[in-house]
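Structure, as structure tokens:
Throughout, protein chains are lettered first and strands after them, A, B, ... in sequence-line order, and every chain is numbered starting at 1.
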Amino acid sequence: MRIATWNVNSVRARLPRVLDWLATRRPDVACLQEIKCLDDQFPRAEVEALGYRVETFGQKTYNGVALLALQPQPLEDLRRWKANGSPEGEARVIAATLGDLRLVNAYVVNGQAVGTPKYDYKLTWLQRFGELVREEHAAHRKLVIVGDFNVTFDDRDVYDPVEWHEKILCSTAERQALAAVMGSGLRDAFRHFTQEGGHYTYWDFYTRGFQRGNGLRIDHVLMSDEALASCSEVKIDVDARKGEKPSDHAPVVATFQ
DNA sequence: ATGGTAGCTGGGCTA
């Protein structure tokens, strides 16, 4: 079984790319972030035509997440979660159970810049998200948390660590907040299989980051030991970042036995 | 010197 996570940066603008990617890669479950539409605006029929069940947690203009499950894969105990105290309507987390595996799909707050109100909100949001993760882990031993975390783990995840030192996506407080979310029970599954740096999942449009090789690894697959024990590989699908009208993120795909 | 993209939306915000 393969579980993929992908920040698509608008599912409607990306529809041809998303459909092509689903049709060729055929992940058993696809976790999308930044769908940037309401539930009834999601291109449901087109995705269902490829054999997927669609569960969305949408929002107008910003954010929004979705779970796509290749049928007859069961999706049970759906949970659409908002951080207590978050701005009205922020749809960032959707979770479901597949057999003995609990899956949480998250789009973490970006934070704009260190020291701004949005940065403070990001740290607070991560704290609250940590409570949800602990709750889910207490209920499910085999836990997988995927998504756009908007945080790098260390310098190996940054193309220019000097330039990005203590900048947004790389600051010590963000990394500590992510570590707190993971506690002692969740691991960075990509790093478990790949130790060297230089593997990225996000390249900025604005500075033409992909063409320059300027990337960051901020999309992650976090696993409990029980989940990691049945995982055989975690790969970044860099090809999906190439070509016409790509998202600024590449998918990350985890394979299970 | 402070550029340059992309998406949603219908001017400005977000990334």
Side-chain angles (χ1 to χ4, degrees), chain A residues 5-21 31-44 46-47 56-66 82-83 85-93 105-126 129 146-152 157-160 162-164 166-171 173-175 177-178 200-220 236 238-252:
Chain A
T5 175
W6 192 14
N7 180 324
V8 293
N9 190 358
S10 172
V11 72
R12 291 177 294 174
R14 211 68 57 214
L15 187 57
R17 294 294 304 253
V18 170
L19 294 177
D20 178 69
W21 177 79
C31 305
L32 308 184
Q33 303 90 37
E34 280 205 275
I35 62 173
K36 290 188 172 179
C37 65
L38 293 161
D39 292 332
D40 61 8
Q41 296 174 317
F42 191 95
R44 172 178 294 274
E46 293 91 331
V47 174
T56 61
F57 188 24
Q59 176 187 335
K60 182 179 159 70
T61 312
Y62 302 120
N63 312 315
V65 288
K82 287 179 187 174
S86 75
E88 190 64 33
E90 279 209 339
R92 296 180 175 276
V93 177
N105 174 23
Y107 174 51
V108 175
V109 173
N110 173 281
Q112 199 170 57
V114 174
T116 62
K118 287 190 175 68
Y119 178 77
D120 293 337
Y121 170 52
K122 178 182 197 172
L123 298 178
T124 302
W125 192 95
L126 278 168
F129 181 62
V146 306
D148 176 0
F149 287 78
N150 272 315
V151 182
T152 56
D157 300 334
V158 185
Y159 70 93
D160 187 345
V162 174
E163 169 71 25
W164 283 79
E166 292 300 335
K167 297 274 172 55
I168 194 68
L169 314 179
C170 302
S171 72
E174 290 167 84
R175 289 173 175 175
L178 178 54
Y200 309 126
T201 65
Y202 164 79
W203 300 260
D204 191 22
F205 282 136
Y206 199 52
T207 55
R208 302 181 193 280
F210 192 71
Q211 292 86 332
R212 297 167 190 234
N214 295 348
L216 301 167
R217 190 172 72 93
I218 58 176
D219 300 87
H220 303 304
I236 301 166
V238 179
D239 285 345
R241 182 62 178 79
K242 303 171 182 173
E244 290 296 306
K245 268 179 83 75
S247 168
D248 42 0
H249 294 252
V252 183

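- Judged as a ring pair (Phe, Tyr, Trp, His ring centres under 6.0 Å), and not counting sequence neighbours, the contacts of A:Phe210 are A:Trp203.
- Every side-chain contact (heavy atoms from CB on, under 4.5 Å) that A:Lys245 has, sequence neighbours left out, goes to A:Arg14.
- The residue A:Arg212 sits apart from the nucleic acid: no heavy atom pair falls under 4.0 Å.
- Distance noted for atom P between B:dA6 and B:dT2: 23 Å (whole Å).
- The ring pair (Phe, Tyr, Trp, His ring centres under 6.0 Å) check on A:Tyr107 picks up nothing, with sequence neighbours excluded.
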Tabulate atom names and distances for all N/O pairs under 3.5 angstrom spanning the protein and nucleotides 13-15 of chain B.
unit_1 : atom_1 : unit_2   : atom_2 : d
B:dC13 : O2     : A:Tyr62  : OH     : 3.2
B:dT14 : OP1    : A:Lys118 : NZ     : 3.4
B:dT14 : OP2    : A:Lys118 : NZ     : 3.2
B:dA15 : O3'    : A:Asn110 : ND2    : 3.4

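- Taking atom P in both B:dA1 and B:dG12, the straight-line distance is 28 Å, to the nearest Å.
- Residues satisfying the ring pair (Phe, Tyr, Trp, His ring centres under 6.0 Å) test with A:Phe149, not counting sequence neighbours, are A:His220.
- As judged by a 4.0 angstrom heavy-atom cut-off over every strand, A:Thr207 is placed among the base-contacting residues.
- One finds a side-chain N or O of A:Arg14 lying less than 4.0 angstrom from the OP1 or OP2 phosphate oxygen of B:dG7.
- For A:Tyr200, the ring pair (Phe, Tyr, Trp, His ring centres under 6.0 Å) test picks out no residue, with sequence neighbours left out.
- Spacing between atom CD of A:Gln33 and atom C1' of B:dG7 amounts to 17 Å, rounded to whole angstrom units.
- The distance between atom CD of A:Gln59 and atom C1' of B:dC8, rounded to the nearest whole Å, is 12 Å.
- Of the inter-residue distances, the one linking A:Ile218 atom CD1 with A:Ile168 atom CD1 reads 10.0 Å to the nearest 0.5 angstrom.
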